[in-house]
Chemist: 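I have a structure here, written as structure tokens, and I will follow up with some questions on it.
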Amino acid sequence: RLPSALYASPHYLARYGTPSTMDALTEHRCLSYPSKVWRFTDGSGDGPAIEVNPVISTGSNEMLKAATVSGLGIVYSFETVFRTLLAQGEVVQILPEITENSGLELQMIFPAAQHPSLRARRFIDGLRAEFAKAQ
């Protein structure tokens, strides 16, 4: 599982305020991946969704990080992308009660009749090690 959360810079929050509800996010400047729909997950695997009108929409994690740190808006992204910036205080997590169970389930699929190649096995082991750090 790849956890997700909402992040903003302290500068952005000082200028525009901190949203207090999920619906309040639609009144804020949002930074988004190409999808305009942000889906949140509750403990059962379901949950609410909102449609945002992003001021920046990109598939680039680096661009979203730079825009967030610069105070351009709020982003809904993967914890692994923002972990270092969060630890450095360059961003803060907002509305954690909405995102505490949100994330993307990742699966690696390969034919059952075949054993993965050594290269694939090392890749899988490397991913497992990286995600174990995130827990």
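Numbers here are sequence positions counted from 1. Please read all numbers here as calculations on a predicted model, not as lab measurements.
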Chemist: Search all heavy atoms of Pro54 against all heavy atoms of Ser32 and return the closest pair with its distance.
Modeler: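 Of all heavy-atom pairs spanning Pro54 and Ser32, the closest is CB-CB, 3.7 Å.
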Chemist: Looking at Gly71 and His11, what are the two nearest heavy atoms and their distance?
Modeler: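 Answer, listing the atom of Gly71 first, then His11: CA-CD2, 4.2 Å.
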Chemist: What distance do Gln88 atom CD and Arg83 atom CZ have between them, rounded to the nearest 0.5 Å?
Modeler: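 It is 12.5 Å, given to the nearest 0.5 Å.
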Chemist: Are any of the side-chain heavy atoms of Ile74 and Tyr16 separated by less than 4.5 Å?
Modeler: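 No, their side chains stay 4.5 Å or more apart.
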Chemist: CG/Leu85 to OG/Ser77 distance, rounded to the nearest 0.5 angstrom?
Modeler: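 If I round to the nearest 0.5 Å, the distance is 10.5 Å.
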Chemist: CD of Glu97 to OG1 of Thr21: how many Å apart, nearest 0.5 Å?
Modeler: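 Taking CD in Glu97 and OG1 in Thr21, the distance rounds to 9.5 Å.
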Chemist: Evaluate whether atom CZ of Arg122 has more than 12 neighbouring non-hydrogen atoms of other residues, nucleotides or ligands under 6.0 angstrom away.
Modeler: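 Not buried by this count: 12 neighbours or fewer within 6.0 Å.
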Chemist: Does any part of the side chain of Ile94, heavy atoms only, come nearer than 4.5 Å to the side chain of Leu13, both counted from C-beta?
Modeler: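 Yes; the side chains approach each other to less than 4.5 Å.
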Chemist: For residues Leu6 and Trp38, determine if any side-chain heavy atom of one lies less than 4.5 Å from a side-chain heavy atom of the other.
Modeler: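 SC-SC contact between Leu6 and Trp38 confirmed.
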Chemist: State the OG-CZ distance between Ser9 and Arg15, to the nearest 0.5 angstrom.
Modeler: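 The CZ atom of Arg15 is 10.5 Å from OG of Ser9, to the nearest 0.5 Å.
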Chemist: Is there a side-chain contact between Val91 and Val69 in this structure, where contact means two heavy atoms from C-beta onward sitting under 4.5 Å apart?
Modeler: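 Counting from C-beta outward, Val91 and Val69 do come under 4.5 Å.
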Chemist: Enter the distance from Ile124:CD1 to Ser117:OG here, rounded to the nearest 0.5 Å.
Modeler: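 That separation rounds to 8.0 Å.
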Chemist: Where do Leu95 and Pro19 come nearest, in terms of heavy atoms and distance?
Modeler: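 Shortest heavy-atom separation between Leu95 and Pro19 comes out as CD2-O, 3.5 Å.
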Chemist: Quick one: pull up CG in Leu72 and CE in Met63 and give me the separation to the nearest 0.5 Å.
Modeler: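 The CG atom of Leu72 sits 10.5 Å away from the CE atom of Met63.
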Chemist: Can you give me the closest heavy-atom contact between Leu31 and Val55, atom names plus distance?
Modeler: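 In this case the closest contact between Leu31 and Val55 is CD2-CG2, 3.7 Å.
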Chemist: Do the side-chain N and O atoms of Thr68 and Tyr12 include a donor-acceptor pair separated by under 3.5 angstrom?
Modeler: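 Checked: Thr68/Tyr12 side chains show no N/O donor-acceptor pair below 3.5 Å.
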Chemist: Do Ser35 side-chain atoms and Val37 backbone N/O form a donor-acceptor pair below 3.5 Å?
Modeler: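 At least one qualifying donor-acceptor pair exists.
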Chemist: Which of these, Phe40, Phe82, Tyr7, Tyr33, sits in a ring-ring contact (aromatic ring centres under 6.0 Å, His included) with Tyr76?
Modeler: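 Testing Tyr76 for a ring-ring contact (aromatic ring centres under 6.0 Å, His included) against Phe40, Phe82, Tyr7, Tyr33 leaves exactly one candidate, Phe40.
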Chemist: So, for Leu86 and Gln93, which heavy atoms are closest and what is the spacing to 0.1 Å?
Modeler: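 Where Leu86 meets Gln93 most closely, the heavy atoms are CD1-N, 3.7 Å.
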